[in-house]
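Okay, so here's the structure we're looking at.
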Amino acid sequence: MKFDSKLIHGGINEDEETGAVSMPIYRASTYHKPFLSSKLKWEYSRSGNPTRAALESLMADLEDGNSAFAFSSGSAAIHAVFSLLSAGDEVIIGKDVYGSTFRLANQVMKRFGLNFTVVDTRNLDEVSAAINSNVKAIYLETPTNPLLEISDLAAIAEIAQKHDVLMIVDNTFASPYNQKPLDLGADIVVHSGTKYLGGHSDLVAGIAVAKNEKIAEQLAFLQNSIGAVLSPDDSWLLMRGIKTLGARMRVHEDNAQAVVKYLLDSKYVKKVMYPGLETNPSFSIAKKQMKGFGAMISFELADQYRAEEFVNRLHMISLAESLGGIESLIEVTAVMTHGSIPREIRLKNGISDGLIRLSVGIEDKEDILADLDQAFKTLD
C-alpha cells in the first residue's frame, strides 16, 4: 500500500472479534482465565492491551520496523530506550536536542551511571572521533529542535554499524510521512506522539519503534517492567489522529512554505531557519533523506525588536508549548521548551534568548500571514 492508504489500513485496522472498522477502546485492566493452565493473548493491560496493540502494529508498519511500543509520553519512550543501556555505558548525543531530552539525560540518567558526550552530529568526523570502547549508542534528532539542523542519517548509520553501536533517532519533527530513519540504517526511532502523529493537541503519547526482533524483545521487557504505557483511550485517539497525517502534512507544509517566504522578505526578521531553504548548508542532505521539509520554522527578529513584544501581540497564533497540532503555535524557545538547558549551553549551541519557534498549522494561510503581519507592525 501507498503511505496514505497505510495510515488508514495499516497494522491492526479493525476489530478481530466484531469487524468494527474503528478499533474499540478496551478499557479492561485484566482478563479472565477459564482455567489456570489457559494460555491467553491478553492477561494484564500493562503487559498488553488490544487497543494499544493496534496502535503499536500501525506504527511498526508506518516506520518499517519490527515492532513498536506506545508510552505515556515522548519522554517516557526515550527513558525506556536509554534503559537499554547499563551503568558505565556512554551515549553520543546531538548538541541540539529537545529540552526535556537534555534534562532526562543530564539530571536523571547520569545519576544511574550513563555518560553523555555532546557532538554536532552534522559533523561526521566529530561523531567518529567521539566513539570509544564505552560508547554503546548514538542519539540524535533531525531536523533538530529548535534549530532545525539536518544530519546525514545514512552516513551516521554507517559509522554506528562499523562500531557496533545503537543508532537512535527522534523523528518527531519529520514524522514518518517525511522521513524513515530505520530505512536509512537506524536501529530505533522515537516519537512524541503528542505532536504530528496525534495532530490535534488533545493527547500526550510516546512511541519507540525497533528495527529488529532482538531490540524489540528488550523494549517489550522494559515497557512492561517500567510500566509507563499509553492508556487505551489515548491509544485510540492517537490512531484516529494518524489516519489524517498525510492530509494534514500537505496543508502544514504548503502553509509553511508561504510563511518562510514571508519571513525572508520581512524587515523585522534577520534570520530564518528551515530545512527547505536552498541556502541551508544541509539542504542537499535534507532533500536526499526527506520527502518534504516539514512545517517547523525558527527565526530571530532584527536586533532592535524584542521577541516577547512580538509574540504577545499575536491574535490567532497561540503562544504555547508543543507543536504539530492543527492550530499554529509559537514560542520563545529559551523561556519555554528549552528553559531547562542552562543559558550558557543554549547560547553555545546557537539558541539565542530571542529565538522564536513557529509550528505552522492548517488554518487558511492568508490568516496566518495576516496575524504575523499585524504583530510585526505593532513593533514600529
Side-chain angles (χ1 to χ4, degrees), residues 78 81-82 85 89-106 109-110 114-132 134-163 165-174 179 181 184-190 271-290 293-294 296-300 333-334 337-338 340-355 357:
I78 296 168
V81 170
F82 281 157
L85 308 173
D89 288 346
E90 189 172 325
V91 180
I92 295 172
I93 191 168
K95 70 176 181 64
D96 185 29
V97 295
Y98 176 46
S100 290
T101 303
F102 178 91
R103 181 174 57 213
L104 175 64
N106 285 276
M109 303 311 298
K110 276 188 175 180
L114 286 189
N115 298 304
F116 294 86
T117 299
V118 178
V119 305
D120 184 344
T121 52
R122 294 173 299 174
N123 186 326
L124 299 179
D125 291 336
E126 193 173 332
V127 174
S128 294
I131 293 180
N132 58 52
N134 293 324
V135 170
K136 298 296 186 290
I138 301 171
Y139 181 97
L140 70 148
E141 300 173 7
T142 183
T144 61
N145 182 3
L147 298 177
L148 298 161
E149 295 172 346
I150 301 295
S151 296
D152 190 329
L153 291 175
I156 295 173
E158 285 187 18
I159 296 170
Q161 290 162 10
K162 177 182 177 182
H163 295 277
V165 301
L166 288 174
M167 180 179 169
I168 306 157
V169 179
D170 185 332
N171 200 31
T172 298
F173 269 29
Q179 184 169 266
L184 295 168
D187 298 293
I188 300 171
V189 166
V190 295
K271 185 177 183 181
V272 179
M273 289 156 254
Y274 183 68
L277 290 174
E278 293 188 12
T279 53
N280 186 322
S282 302
F283 173 74
S284 61
I285 297 171
K287 190 174 181 181
K288 176 183 70 173
Q289 68 188 23
M290 299 178 71
F293 301 114
M296 297 301 303
I297 304 166
S298 290
F299 62 96
E300 294 180 353
T333 306
T337 55
H338 289 64
S340 61
I341 300 176
R343 184 171 184 268
E344 62 274 14
I345 296 177
R346 288 199 309 267
L347 294 176
K348 180 182 177 183
N349 290 341
I351 303 174
S352 68
D353 290 341
L355 182 72
R357 191 192 73 184

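In what follows, residues are counted from 1 in the order of the sequence shown.
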From [atom1] ([X]) to [atom2] ([Y]), nearest 0.5 Å:
{"X": "Met273", "Y": "Phe299", "atom1": "CE", "atom2": "CZ", "value": "9.5 Å"}
{"X": "Asp353", "Y": "Leu347", "atom1": "CG", "atom2": "CG", "value": "5.5 Å"}
{"X": "Leu166", "Y": "Gln161", "atom1": "CG", "atom2": "CD", "value": "11.0 Å"}
{"X": "Arg122", "Y": "Ser282", "atom1": "CZ", "atom2": "OG", "value": "6.0 Å"}
{"X": "Tyr98", "Y": "Asp170", "atom1": "OH", "atom2": "CG", "value": "10.0 Å"}
{"X": "Ile341", "Y": "Lys348", "atom1": "CD1", "atom2": "NZ", "value": "13.0 Å"}

Below 4.5 Å, heavy atoms only, C-beta onward: do [X] and [Y] meet side chain to side chain?
{"X": "Asp152", "Y": "Lys288", "result": "yes"}
{"X": "Met109", "Y": "Val91", "result": "no"}
{"X": "Met167", "Y": "Glu158", "result": "no"}
{"X": "Gln289", "Y": "Ile150", "result": "yes"}
{"X": "Pro143", "Y": "Met290", "result": "yes"}
{"X": "Ile168", "Y": "Asp187", "result": "no"}

Closest heavy-atom contact between [X] and [Y]?
{"X": "Ala334", "Y": "Ser352", "answer": "CB-O, 3.9 Å"}
{"X": "His338", "Y": "Arg346", "answer": "O-CD, 3.4 Å"}
{"X": "Leu147", "Y": "Leu355", "answer": "CD2-CD2, 3.8 Å"}
{"X": "Ala105", "Y": "Ile93", "answer": "CB-CD1, 4.5 Å"}
{"X": "Gly99", "Y": "Ser340", "answer": "O-OG, 3.2 Å"}
{"X": "Phe102", "Y": "Ile345", "answer": "CZ-CD1, 3.9 Å"}

Exam field: side chain [X] to backbone [Y], donor-acceptor pair closer than 3.5 Å:
{"X": "Asn145", "Y": "Phe173", "answer": "no"}
{"X": "His163", "Y": "Ser128", "answer": "no"}
{"X": "Asn132", "Y": "Asn134", "answer": "yes"}
{"X": "Asp89", "Y": "Leu114", "answer": "no"}
{"X": "Ser298", "Y": "Pro146", "answer": "yes"}

- Is it true that Phe116 and Tyr139 have ring centroids separated by less than 6.0 Å? no
- Message: Take a 6.0 Å sphere around NZ of Lys136 and say whether it holds more than 12 heavy atoms from other residues, nucleotides or ligands.
- Response: yes
- Output, in order, the C-alpha distance, side-chain angles, deciding distance and verdict of side chain to side chain contact (heavy atoms under 4.5 Å, CB included) for Leu153 and Leu140. CA-CA 9 Å; Leu153 291 175; Leu140 70 148; 4.0 Å; yes
- Can you tell me if Thr117 and Glu90 form a side-chain donor-acceptor pair at under 3.5 Å? yes
- With Ser151, the side-chain hydrogen bond (donor to acceptor under 3.5 Å, both in side chains) member among Asp120, Asp96, Thr121, Thr142: Thr121
- Evaluate the criterion side chain to side chain contact (heavy atoms under 4.5 Å, CB included) for residue pair Thr144 and Val97; output intermediate values, then yes/no. CA-CA 6 Å; Thr144 61; Val97 295; over 6 Å; no
